[in-house]
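Encoded as structure tokens, the structure appears first; notes follow it.
Note that these values count all heavy atoms, side chains included, but never hydrogens, waters or copies made by symmetry.
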Amino acid sequence: MADAKWYVVHTYSGYENKVKADLEKTIENRKLQDTILEVAVPLHDVVEIKNGEKKASQKKMFPSYVLINMVMNDDTWYVVRNTRGVTGFVGPGSKPVPLEPEEMAHMGIGGESIQIEFEVGDTVIVTTGVWEGTVGPIREINEGKQSVTIAVEMFGRETPVELSFTEVRKM
């Protein structure tokens, strides 16, 4: 939908997933799929070291905030604003301000999508950056972040390296 934009909603601390679930249920019940397209709680991978052991987990990128891709009108504003746990839209006063496409692209959400000609297991060569000229097999493809993870031989071990789609090409 051309006039749908991403908006940021502030929530009570720890209510992000509950707000997302409640909104998705309301969207389904009121048949608002054409005006509220997506509700997202952006996460990022974190590796913590506790008691000498590495533990991988996901943490919220923006605690107390939920992103919503929607067409702003009185009905959608009312539905979102009156969802339990929502304290309001981000913006001056009561006027929500949409995020710019560039801001969303930095988070790996929205933006233009790049068509790729490779898949997991294919061997690629790195074309730019510090890994330029390095060859390795693709272990993972993340279309949301538009990146691939390749296995690189380093110090006699296979090490995963995450690179943008534009930094690699198929051999």
Going through the distances and angles, do Val80 and Met70 end up as a side chain to side chain contact (heavy atoms under 4.5 Å, CB included)? CA-CA 10 Å; Val80 173; Met70 62 187 255; 3.9 Å; yes
Applying side chain to side chain contact (heavy atoms under 4.5 Å, CB included), run through Lys55 and Val47 and close with a yes or a no. CA-CA 6 Å; Lys55 181 183 164 201; Val47 176; over 6 Å; no
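- Between Leu32 and Asp75 there is a side-chain heavy-atom pair separated by less than 4.5 Å.
- Residue Ser64 comes nearest to Ser13 through the heavy atom pair OG-CA, 3.5 Å, listed as atom of the first residue, atom of the second, then distance.
- Side-chain heavy atoms closer than 4.5 Å link hydrophobic residues (I, L, V, M, F, W, Y) into clusters, and following such links, even through other members, never connects Ile125 to Trp131.
- Using a cutoff of 4.0 Å between basic side-chain nitrogens and carboxylate oxygens, Glu16 and Lys20 are not scored as salt-bridged.
- Salt-bridge formation is not detected for the pair Lys5/Glu100: no Lys NZ or Arg NE/NH1/NH2 atom is positioned less than 4.0 Å from an Asp or Glu carboxylate oxygen.
- When all heavy atoms of Met154 and Thr159 are compared, the pair lying nearest together is CB-OG1, 3.7 Å.
- Aromatic rings from Phe62 and Tyr65 are positioned such that their centres are separated by 6.0 Å or more.
- Minimum interatomic distance between Leu67 and Pro42 (heavy atoms only, all atoms of both residues): CD1-CG, 3.4 Å.
- One finds the CD1 atom of Ile150 at 9.5 Å from the OG1 atom of Thr123 (value rounded to the nearest 0.5 Å).
- Between Lys59 and His44, some side-chain heavy-atom pair lies under the 4.5 Å cut-off.
- Both Ile68 and Trp77 are members of a single hydrophobic cluster when ILVMFWY side chains are connected at heavy-atom separations under 4.5 Å.
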Could you walk me through whether Val41 and Asn17 satisfy the side chain to side chain contact (heavy atoms under 4.5 Å, CB included) test, starting with their C-alpha distance in whole Å, then the side-chain angles of each, then the deciding distance to 0.1 Å, before giving a yes or no? CA-CA 7 Å; Val41 178; Asn17 293 330; 3.9 Å; yes
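- Rounding to the nearest 0.5 Å places CD of Gln33 at 11.0 Å from CD of Glu24.
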Walk me through it: do Leu99 and Val8 pass the test side chain to side chain contact (heavy atoms under 4.5 Å, CB included)? CA-CA 8 Å; Leu99 291 171; Val8 181; 3.6 Å; yes
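- Remark: Gln58 CD is packed, more than 12 non-hydrogen atoms of other residues, nucleotides or ligands lying under 6.0 Å away.
- Using a 4.5 Å cut-off on side-chain heavy atoms (C-beta onward), Val135 and Met171 make contact.
- The two atoms that bring Ala40 and Val66 nearest to each other are O-CG1, 3.5 Å, heavy atoms only.
- Side chain of Asp122 to main chain of Phe118: no donor-acceptor pair is present (N/O by atom type, distance under 3.5 Å, no hydrogens or angles).
- Side-chain contact check for Val126 versus Val124: every heavy-atom pair is 4.5 Å or farther apart.
- At distances below 3.5 Å, at least one donor-acceptor pair connects side-chain atoms of Thr127 with backbone N or O atoms of Glu167.
- Nearest heavy-atom pair, Gly85 versus Tyr15, reported as atom, atom and distance to 0.1 Å: CA-CD2, 4.1 Å.
- Between Arg139 and Glu158, at least one side-chain nitrogen of the basic residue sits less than 4.0 Å from a carboxylate oxygen of the acidic one, meeting the salt-bridge criterion.
- Pairing each heavy atom of Pro96 with each of Tyr7, the nearest pair is CB-CD2, 3.8 Å.
- Note: the hydrophobic cluster containing Ile141 also contains Val168 (ILVMFWY, side chain heavy atoms under 4.5 Å, direct or indirect links).
- Hydrophobic cluster membership is shared by Val39 and Val79, with clusters built from Ile, Leu, Val, Met, Phe, Trp and Tyr side chains linked at under 4.5 angstrom.
- One finds the CG atom of Asn142 at 6.5 Å from the CD atom of Glu140 (value rounded to the nearest 0.5 Å).
- Inspection of the Asn73 and Thr76 side chains reveals an N or O donor paired with an N or O acceptor under 3.5 Å.
- The line from OG1 of Thr11 to CZ of Arg84 is 14.0 Å long, rounded to the nearest 0.5 Å.
- The ring of His10 has its center no closer than 6.0 angstrom to the ring center of Phe89.
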